Amino acid sequence: MSNIALDENTRNGGSCALNTNPLMISNITFNPANHGMSVIDGTGQVDNGNHNGNAVLDENGRSTWFGLSSAGNGQRIIVYANSSGAVLIEKI
Amino acid sequence: MSTGANAPLDENTRNGLFGLSSANDGTRVDAWVNPVTHALLTESSSGGGGTGTWWKVNGIINGTNKVFTIATGAASDFILQAGGQIQAQTVGADMWAYSYTVSGSVTTITYVTAPDGSLSTQPHQAFVIS
């Protein structure tokens with residue numbers, strides 16, 4: 001398991017569960033020239049697990065992203081990113 | 001400061017994603033995620049969205065020239081690419097920041113800093129959204 005990137009003040013950067021193995025961590029990447037966050041269309045993604053709706057933690061107890069289900073039922077859903085650090089997104 | 005909805009918490013009291021309302025009223029808004037695909041819902045499609053066309057950027061790259069053109073009248077900001085890297089999209093402080101003017105079917109691009117001469121053999125192109 002990789003650990004979440006930290007700054008000099010040990011504040012963690014953005015990270016998600018790895019889409020192919022959600023118990024692993026994928027640090028989110030950004031374009032160094034325009035600071036745009038790496039994203040990729042996630043509409044074809046297979047559900048590989050939800051970690052019981054709890055944020056996946058790294059070896060230092062740092063947490064990855066999760067949000068609430070778009071079904072509107074209050075369920076917590078972890079956010080996936082691929083191995084390149086691109087967050088899976090879906091247009092509303 | 002507004003005291004809208006609080007961040008969702010998991011069983012370990014780790015907080016979920018939220019942001020501030022785009023209505024600019026200080027209200028906190030939770031991020032929504034597709035429960036099947038685990039994709040974060042966004043208002044635009046992947047990569048900034050939209051269809052468009054790659055145009056060759058004309059002009060010599062020699063380390064000093066800052067002015068280039070593309071053979072179309074861009075109706076909005078666009079993405080520039082040189083040497084395999086996506087560059088800045090709008091005027092700013094970054095090395096690759098640029099401004100542009102449109103005259104008919106020609107867009108003239110002026111970089112703040114001249115592209116490095118080492119990029120002279122690399123593709124230099126602009127993605128203009130339709």
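Lettering follows sequence order; numbering is per chain, from 1. Remember, it's a predicted structure, so these values are computed and weren't measured experimentally.
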Asks: In terms of heavy-atom pairs under 4.5 Å with chain A, which of Val36(B), Leu40(B), Asn34(B), Leu9(B) leads?
Replies: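 Max contact count across the listed options: Leu40(B).
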
Asks: If hydrophobic clusters are built by linking Ile, Leu, Val, Met, Phe, Trp and Tyr wherever their side-chain heavy atoms come under 4.5 Å apart, do Val67(B) and Tyr100(B) end up in the same one?
Replies: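 Looking at the clustering, Tyr100(B) is in a separate group from Val67(B).
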
Asks: Classify the side-chain pair Thr42(B)/Glu90(A) by whether it contains a donor and acceptor separated by less than 3.5 Å.
Replies: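 Per modelled atom types, Thr42(B) and Glu90(A) side chains form no pair under 3.5 Å.
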
Asks: Given the options Val87(A), Val46(A), Asn50(A), which has more heavy-atom pairs under 4.5 Å with chain B than any of the others?
Replies: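 Of the candidates given, the most pairs with chain B belong to Asn50(A).
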
Asks: Nearest 0.5 Å, what's the CG-CG distance between Asn12(B) and Leu57(A)?
Replies: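 Here the interatomic distance stands at 6.0 Å.
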
Asks: Counting heavy-atom pairs under 4.5 Å to chain B, which of Gly67(A), Ser69(A), Cys16(A), Gly42(A) comes out on top?
Replies: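 Of the options given, most contacts go to Ser69(A).
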
Asks: With sequence neighbours excluded, give me every ring-ring contact (aromatic ring centres under 6.0 Å, His included) pair touching residues 52-75 of chain A.
Replies: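 The answer is none; no pair qualifies.
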
Asks: Using side-chain heavy atoms (C-beta onward) and a distance below 4.5 Å, is Asn19(A) in contact with His38(B)?
Replies: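 Side-chain contact under 4.5 Å: no.
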
Asks: Do Asn54(A) side-chain atoms and Glu11(B) backbone N/O form a donor-acceptor pair below 3.5 Å?
Replies: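 Yes, Asn54(A) side chain to Glu11(B) backbone: donor-acceptor pair under 3.5 Å.
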
Asks: Taking atom CZ of Arg14(B) and atom CZ of Arg76(A), what is their separation to the nearest 0.5 Å?
Replies: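 One gets 13.5 Å once the value is rounded to the nearest 0.5 Å.
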
Asks: Return the option, out of Ala55(A), Ala86(A), Gly53(A), Gly74(A), with the maximum number of heavy-atom pairs under 4.5 Å with chain B.
Replies: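 The residue among Ala55(A), Ala86(A), Gly53(A), Gly74(A) with the greatest pair count is Ala55(A).
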
Asks: Side chain from CB out, backbone as N, CA, C, O: work out which of these in Thr43(A) comes under 4.5 Å of a heavy atom of chain B, or both, or neither.
Replies: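 For Thr43(A), the contact with chain B is made by the backbone alone.
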
Asks: Mind checking whether Leu41(B) and Lys91(A) have side chains closer than 4.5 Å, heavy atoms only?
Replies: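 Leu41(B) vs Lys91(A): side chains apart.
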
Asks: Out of Ile77(A), Leu68(A), Leu88(A), return the one with the most heavy atom pairs under 4.5 angstrom to chain B.
Replies: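 Highest number of heavy-atom pairs under 4.5 Å: Leu68(A).
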
Asks: Identify whether Val79(A) and Phe30(A) are in the same connected component of the hydrophobic contact network (ILVMFWY, side-chain heavy atoms under 4.5 Å).
Replies: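 The answer is yes; both residues are in one hydrophobic cluster.
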
Asks: Is there a path of hydrophobic side-chain contacts, each under 4.5 Å between heavy atoms of I, L, V, M, F, W or Y residues, that connects Leu17(B) with Met37(A)?
Replies: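 Yes; Met37(A) is reachable from Leu17(B) via cluster members.
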
